[in-house]
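The structure appears below as structure tokens.
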Amino acid sequence: MEKVGSRLPTTTVYARVRDRKVAGPNPYRWDLKHSGDYFAGKKVVFFSLPGAYTPTCSTFQLPTFEEKYEEFEKLGVDDIICASVNDAFVMFNWMKSQRVKKITPFPDGNGDFTSAMGMLIDKRHLGFGERSWRYAFVAEDGVITHWFEEPGINYDGSDADPYGETSPENILEALYNESNNKQPEA
């Protein structure tokens with residue numbers, strides 16, 4: 001499937017949202033969201049990674065997107081979304097442990113969105129089950145405008161986990177290059 005120009009698939013995401021009506025130490029309720037709710041009417045940067053709490057994701061990718069959030073905003077990005085084939089509890093606690101406040105978690109616990117994107121891979125040999133290959137995109141109102149994917153996608157259980165194409169720096173460079181090459185309106 002050609003990614004750029006494609007409309008994003010619609011799947012269900014099981015999210016947890018804060019609800020003041022819920023008493024106790026865990027004031028959250030389940031909220032079934034359609035993936036389209038994350039993209040409608042917005043320009044978003046979406047990145048998906050193999051798993052919360054994993055070394056590259058926790059040391060480089062997630063914190064750097066958080067750190068560079070304002071740079072993306074200056075380029076017209078409304079939201080940055082982080083997806084993983086992890087449940088809402090894991091995503092919430094990982095974001096909390098990383099002190100992330102600006103990035104929107106996208107808990108693709110069943111891997112439905114990741115599968116629809118053609119990015120679900122087998123990591124059972126590592127005890128991970130099915131996970132996401134590392135990929136990212138920019139979308140405007142649910143249509144992909146830029147696509148980034150790490151090389152060597154492996155559906156067969158390889159240990160490879162490259163990182164570079166989907167780095168915040170690489171995505172920012174693509175957006176800066178695009179904004180610098182736009183012709184001024186007459």
Side-chain angles (χ1 to χ4, degrees), residues 3-4 8-9 11 13 15-18 33 35-109 111 113-114 117-121 123 128 131-153 160-180:
K3 305 288 193 214
V4 173
L8 293 165
T11 62
V13 177
R16 300 279 290 167
V17 294
R18 186 181 266 306
K33 297 180 93 172
S35 55
D37 296 341
Y38 289 83
F39 309 114
K42 297 188 280 188
K43 180 177 182 176
V44 301
V45 170
F46 180 101
F47 67 103
S48 189
L49 39 82
Y53 295 101
T54 57
T56 301
C57 307
S58 296
T59 306
F60 302 108
Q61 199 168 21
L62 180 65
T64 307
F65 269 109
E66 176 82 358
E67 174 188 307
K68 295 187 176 295
Y69 192 90
E70 285 77 19
E71 289 182 58
F72 283 101
E73 277 186 319
K74 289 176 185 173
L75 292 167
V77 172
D78 299 303
D79 199 6
I80 299 176
I81 300 168
C82 175
S84 183
V85 181
N86 288 115
D87 63 63
F89 294 108
V90 170
M91 291 295 285
F92 172 79
N93 281 302
W94 181 47
M95 297 275 175
K96 185 176 171 183
S97 74
Q98 292 284 306
R99 295 181 178 91
V100 168
K101 301 206 184 302
K102 300 169 190 165
I103 308 299
T104 300
F106 188 96
D108 191 18
F113 186 84
T114 304
M117 293 299 295
M119 294 285 117
L120 195 64
I121 61 169
K123 291 287 186 183
F128 285 5
R131 292 296 174 126
S132 177
W133 185 248
R134 204 180 295 278
Y135 72 98
F137 59 79
V138 178
E140 293 189 36
D141 198 23
V143 175
I144 298 171
T145 60
H146 299 75
W147 179 259
F148 307 88
E149 179 181 326
E150 297 302 333
I153 188 167
D161 180 25
Y163 175 65
E165 293 297 316
T166 61
S167 71
E169 296 88 351
N170 192 51
I171 297 168
L172 273 170
E173 182 179 343
L175 293 175
Y176 278 128
N177 287 340
E178 178 185 73
S179 72
N180 288 336

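Count residues from 1 along the sequence.
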Check against side chain to side chain donor-acceptor pair (under 3.5 Å), T64 and E169: CA-CA 8 Å; T64 307; E169 296 88 351; 4.6 Å; no
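- Between F65 and F72, the ring center distance clears the sub-6.0 Å criterion.
- Ion pairing between E66 and R99 fails under the 4.0 Å rule for side-chain N and carboxylate O.
- Nearest heavy-atom pair, L49 versus S84, reported as atom, atom and distance to 0.1 Å: O-OG, 3.6 Å.
- Put simply, the side chain of V100 does not reach to within 4.5 Å of the side chain of P63, judged on heavy atoms.
- Aromatic ring pairs are classed by plane angle as parallel below 30°, tilted from 30° to 60° and perpendicular above 60°; the pair Y135 and W147 is parallel.
- Between F137 and F46, the two ring planes are parallel [angle under 30°; tilted spans 30° to 60°].
- More than 12 heavy atoms of other residues, nucleotides or ligands sit less than 6.0 Å from atom NZ of K42.
- In terms of heavy atoms, P162 sits closest to R134 at O-NE, 3.4 Å.
- With sequence neighbours left out, F92 forms a ring-ring contact (aromatic ring centres under 6.0 Å, His included) with Y28.
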E71 and V77: CA distance, side-chain angles, deciding distance, side-chain contact (heavy atoms from CB on, under 4.5 Å) verdict: CA-CA 9 Å; E71 289 182 58; V77 172; over 6 Å; no
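- If you take OG on S48 and CD on E149, they are separated by 11.5 Å, rounding to the nearest 0.5 Å.
- When atom types are taken as modelled, the side chain of S35 and the backbone of T11 share a donor-acceptor pair closer than 3.5 angstrom.
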Audit row: S97, Y53, side-chain contact (heavy atoms from CB on, under 4.5 Å) steps and yes/no: CA-CA 9 Å; S97 74; Y53 295 101; 3.6 Å; yes
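- Panel note: side chain E150, backbone T166; a donor-acceptor pair is recorded below 3.5 Å.
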Test side-chain contact (heavy atoms from CB on, under 4.5 Å) applied to V44 and T104, step by step: CA-CA 10 Å; V44 301; T104 300; over 6 Å; no
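- Residues meeting the ring-ring contact (aromatic ring centres under 6.0 Å, His included) test with F128, sequence neighbours left out: none.
- With hydrogens and angles disregarded, a donor-acceptor distance shorter than 3.5 Å links the side chain of D108 to the backbone of T114.
- Atom OH of Y176 has more than 12 heavy atoms from other residues, nucleotides or ligands within 6.0 Å.
- What you find for M95 and C82 is that their closest heavy atoms are CE-CB, 3.7 Å.
- Atom CG of residue N177 and atom CG of residue L172 lie 10.5 Å apart, to the nearest 0.5 angstrom.
- By the 4.5 Å heavy-atom criterion applied to side chains, M117 and I144 are counted as neighbours.
- Shown here for S58 and W94, the closest heavy-atom pair between the two residues is OG-NE1, 2.9 Å.
- Rounding to the nearest 0.5 Å gives a distance of 13.0 Å between CG of D141 and NZ of K43.
- The structure places CG of L75 at 11.5 Å from NZ of K68, a figure rounded to the nearest 0.5 Å.
- How far NZ of K3 is from CZ of F148: 14.5 Å, rounded to the nearest 0.5 Å.
- Using a distance-only test at 3.5 Å, with no hydrogens or angles considered, no donor-acceptor pair links the side chain of R16 to the main chain of A88.
- Summarising the geometry of G109 relative to V85, their closest heavy-atom pair is O-CG1, 3.8 Å, with the distance given to 0.1 Å.
- Checked by atom type and distance alone, the side chain of K102 never pairs as donor or acceptor with a backbone atom of I80 at under 3.5 Å.
- With sequence neighbours excluded, no residue forms a salt bridge (Lys or Arg N to Asp or Glu O under 4.0 Å) with E165.
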Derivation of the side-chain contact (heavy atoms from CB on, under 4.5 Å) call for Y38 and D79: CA-CA 9 Å; Y38 289 83; D79 199 6; 5.7 Å; no
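- Minimum heavy-atom separation, P168 to Y163: CD-OH, 3.4 Å.
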